[in-house]
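Convention: sequence-line order gives letters A, B, ...; per-chain numbering from 1.
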Number of protein chains: 2
Amino acid sequence: MAKARYAIGVDYGTNSVRALVIDVDSGEEIASHVVPYPSGSAGILLDKKDPNLARQNPADYVSGFLKAVSTAVRTAAKTKKFDAAQVVGLGIDTTGSTPIPVAEDGTPLAWQPRFKKNLAAQAWLWKDHTAHEEAAIITETAKKTGAPYLAKCGGTYSSEWFWSKIWHCQRAHPEVFRAAHSWVECCDFVPAVITGNLDPRTMKRSICAAGHKAMYAEAWGGLPSREFLGTLSPELGRLRERLYEKAVPSDQPAGRLNAETARKTGLPVGIPVAVGAFDAHTGAVGAGIRPGVLVKIIGTSTCDMMVAPGGRKLPDIPGLCGIVPGSILPGSFGLEAGQSAVGDIFNWFVSHLCPPEYAKGDRHVNLTRVAEKIAPGASGLIALDWNNGNRTILVDPLLSGLLVGQTLHTTAPEIYRALVEATAFGALTIIRRFEEYGVEVREVVNCGGIAEKNAFVMQIYADVLDRPMKISRSSQTCALGSAIFGAVVGGAYRTAEEAQGRIAGAKTKVYRPIAKNAAIYGELYAIYRRLHDAFGQAGWSGSLDRAMKDLFALRERTRKG
Amino acid sequence: MAKARYAIGVDYGTNSVRALVIDVDSGEEIASHVVPYPSGSAGILLDKKDPNLARQNPADYVSGFLKAVSTAVRTAAKTKKFDAAQVVGLGIDTTGSTPIPVAEDGTPLAWQPRFKKNLAAQAWLWKDHTAHEEAAIITETAKKTGAPYLAKCGGTYSSEWFWSKIWHCQRAHPEVFRAAHSWVECCDFVPAVITGNLDPRTMKRSICAAGHKAMYAEAWGGLPSREFLGTLSPELGRLRERLYEKAVPSDQPAGRLNAETARKTGLPVGIPVAVGAFDAHTGAVGAGIRPGVLVKIIGTSTCDMMVAPGGRKLPDIPGLCGIVPGSILPGSFGLEAGQSAVGDIFNWFVSHLCPPEYAKGDRHVNLTRVAEKIAPGASGLIALDWNNGNRTILVDPLLSGLLVGQTLHTTAPEIYRALVEATAFGALTIIRRFEEYGVEVREVVNCGGIAEKNAFVMQIYADVLDRPMKISRSSQTCALGSAIFGAVVGGAYRTAEEAQGRIAGAKTKVYRPIAKNAAIYGELYAIYRRLHDAFGQAGWSGSLDRAMKDLFALRERTRKG
């Protein structure tokens, strides 16, 4: 019997970092360890005066890596079979876009005493929204000048993304911008640190971060042109040459683990470290993404990931967050979509509108117990899932929630169910958009706590999406995906797909659509779509005067069973 | 000093009857007594199999009269000044349309042993909705045949009204219909009983009931033609000649109090009894209605009453419940509008969606304490007040509630406030409709518990309606209005207006619009109206894609103060 081989995946979330040790042949998850970031509030640096601000201390990424990996390795070593010397590679995923301003030597400005306390010199966390004005101007400028740069990210640039944040820094905190030689995404920073190559000119840059958030595409020669950036601001134009020319996928090594990191973690010196990627993207890999399979990572919000074979030409798809070659699986197009709020909407309802009779104990469980018995259509309610705006397909953060159909008898569980259904209708809208542009969705693999634990939500999703709902086998999908890339760069597999075939996949439990429910939801979705288009799209011309009557008729019909 | 004179008003509500004794010169309310109806559930006969059914036992009206009036008279007599011999007249108001099938001698069929338990032989309470199919056919037939009968009741006939109910009885319970010689409105039945003239051919019929609910108008010769009714059903056509030719206002006597009733109540034999009317109409009189003053009777739903001078020609006003000469004040047009749910919407919210932190003690008070501090526009929410359909101006029971603008931070008090505002926007829509057709609304007098006790709601109404909100001085406005007609037929005043000048009116406390709030509500109303028209009116062509953004912008602006 051949010696066992291991890989390590390191997953940087919003509040903590997780290290996972796997057996690359069996896929067995040997050990894992989570380290919360020590700085700020749950790892986030906030500003009382500005609710849009969310930063992180880059030092937390380094200390978190060392503690999470070394502990996971030590824990693994307690099993008799594991030997750290047999770790073949390591992969990393992080949140994003989370750019960090760095000095000429690649160290974060935040590590210089004069910038230590300066919030603008820290990592600009993905959910920082201080740059909404810059995002709007970037979108407008691209449209006005006919620049092609938004074609691959749905036509609208976001305040969460690379250039918006950097430009906002230049406008609002010029002293930080001037001191920054370059900017590095978190998912590029961590591999750079642990391989010992911090030089911004030569460190490897992730195609996932570059393509989805920085308007990078080979079609137009990499990053947007100096001219375009210069139209926004001359300083931004000049920054371009201090960034990068080329970005690469995660089946390529960023470098080899340096001696210091190896010593502090107990790993072998020189093992390959994969180029980083975003968490949702490695999560999709860990969940077994392949053409025809949509991976939904469901949490407070969702990421909806697809891949399409890289050989053929793929059209631009309006409203998507991004279409990037190699961003999920090298050699395939990676497609990213998402819903701005899913679990957050359910949590909002139970926090703010749960009546006392459902408030003792787990409110979700109490409401679900009644809500799961309500027949589709029987409440006469329909909702839009926009309490936090709409990410895909409308790309509009200023949209808001809507509930229609309430009577004097409408109950809390009925509304709770309507909100779950609304998120399913939002998910279906994304699937329809994929399919309108030729990307077929045959099945859905769901990841996250809701997917694993909530049969009520998953059955509604099966019925509304009218497709089997599978659940990712691993509950550490993102870290598993990173470990897969660690295994690939470590030579255990030739491709990520080959590794997926052995390691990734779904549980045996599958939620299958119930035909009768799916038919009713088909009718309800037609009403959802009318509301979606009426409130979400300029230039819509239709009518809503039948909406309440259609809901009433459906209610009468479904109540009679 | 002249001897004091008294009048009695008797007000039949949905669950109880109230008798009020007033001093006709000072308006002082000397005594009152309320008697709940003994039959059924809170006075209503229900059918477990049909939630639309609501009937009453006509015997309750007679026993209730005797008990309420005799007790009020005895209570009044305990004051030293009152002497029953000085009661000059008596007036009556009831719910409606509440028709009762009667035998040839005018006694209710329900009093015959064979019909005692037959629900179809009882009084068909105003809120009975068993006849929704008949109502729809009546509306359709009038439209198809070009018959003018719906011109004075807003263009749509209701399942709550006279002909729908009688026709439904004929179709569903032909044995009762065949046994009924005639049908008598509750407000005509009570005066007939106490004056001893039950003969359906000669008893006085209320113009208020006839004009608002039975498509009666002098313009087309009284009730709808035998031909029109015969189109619906030959039996209905034949019934017409067993009903009435003429209906009269309440400043005319229905007759004189008969000896038996006088003996049982302690009142003088032979005092005049005024022709009956509906409760909201006498309520408007008791609140001091006059041209330019809208009287809002706010309860679970509202009635919105106006009068217009009788001399000039008044156009038909689409969407109104009725325009009837003399139905409120003799000599003036009486105009009736209404909202299907107001207090009921607030009660729905606190019953079904009030979180625990506001649930201890009076939930309305707890929510109000926070809601009253929210600036207009600052929640970013807007609602439609249609949880029970829309009575005016859309006349559509199948419409339902709508809430828009919710985020992940929206709170229960914010929604509570939005619902209050929605009912105010509904009220404004009625006022606008009046004014579009030349009926000016200069001030509003509000009646009912919410008006008397709820400064939070009343200030929002003042700000939204942008008019002073007055509160009726009496809290027994309907009974007071009936007493006024008792005083008029008793000779104490020549006209109801003359009596109102002395007796009726508003409290000194007036809620005045705050200009800054009124301006914001003007902007919010524009959004409400877009939603109202989009969801409520066929053929609407407009756009809603700015609605959420306008709410967001308003929120940002008003939060900054």
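Here B:Ile415 contributes atom CD1 and A:His352 contributes atom NE2; the two are 9.0 Å apart, rounded to the nearest 0.5 Å. Interatomic distance, CG of B:Leu544 versus CD of A:Gln537, reported as 13.0 Å (0.5 Å rounding). A distance of 9.0 Å separates NZ of B:Lys549 from OG of A:Ser400, quoted to the nearest 0.5 Å. The line from OG1 of B:Thr407 to CG of A:Asp344 is 10.5 Å long, rounded to the nearest 0.5 Å. Note that CG of A:Leu402 and CG of B:Leu403 are 7.5 Å apart. Values are rounded to the nearest 0.5 Å. Taken to the nearest 0.5 Å, the CG atom of B:Asn387 stands 5.5 Å off from the CG atom of A:Leu408.
With hydrogens and angles ignored, the 3.5 Å screen pairs a side-chain donor or acceptor of A:Trp348 with a backbone N or O of B:Thr410.
Both the backbone and the side chain of B:Ala538 come within contact range of chain A, each with at least one heavy atom under 4.5 Å from a heavy atom of that chain. With a 4.5 angstrom heavy-atom cutoff, B:Phe535 touches chain A via backbone and side-chain atoms both. Residue B:Leu394: no heavy atom, backbone or side chain, is found under 4.5 Å from chain A. Contacts of B:Leu551 with chain A are absent, with no heavy-atom separation under 4.5 Å from either backbone or side chain. Using a 4.5 Å cut-off between heavy atoms, B:Arg363 contacts chain A through its side chain alone, with no backbone atom that close. Using a 4.5 Å cut-off between heavy atoms, A:Ala412 contacts chain B through both its backbone and its side chain. Residue B:Leu381 does not touch chain A at all, counting heavy-atom pairs closer than 4.5 Å. Contacts between B:Asp396 and chain A at a heavy-atom distance below 4.5 Å involve the side chain alone, from C-beta outward.
Annotation for A:Cys354 and B:Pro356: closest pair O-CD, 3.2 Å, computed over non-hydrogen atoms.
At least one side-chain heavy atom of B:Leu353 sits less than 4.5 Å from a side-chain heavy atom of A:Phe349. Counting only heavy atoms from C-beta outward, the side chains of B:Trp386 and A:Met548 approach each other to under 4.5 Å.
Counting heavy-atom pairs closer than 4.5 Å to chain B, the top-ranked of the candidates A:Ala534, A:Ala383, A:Ala359, A:Gly539 is A:Ala534.
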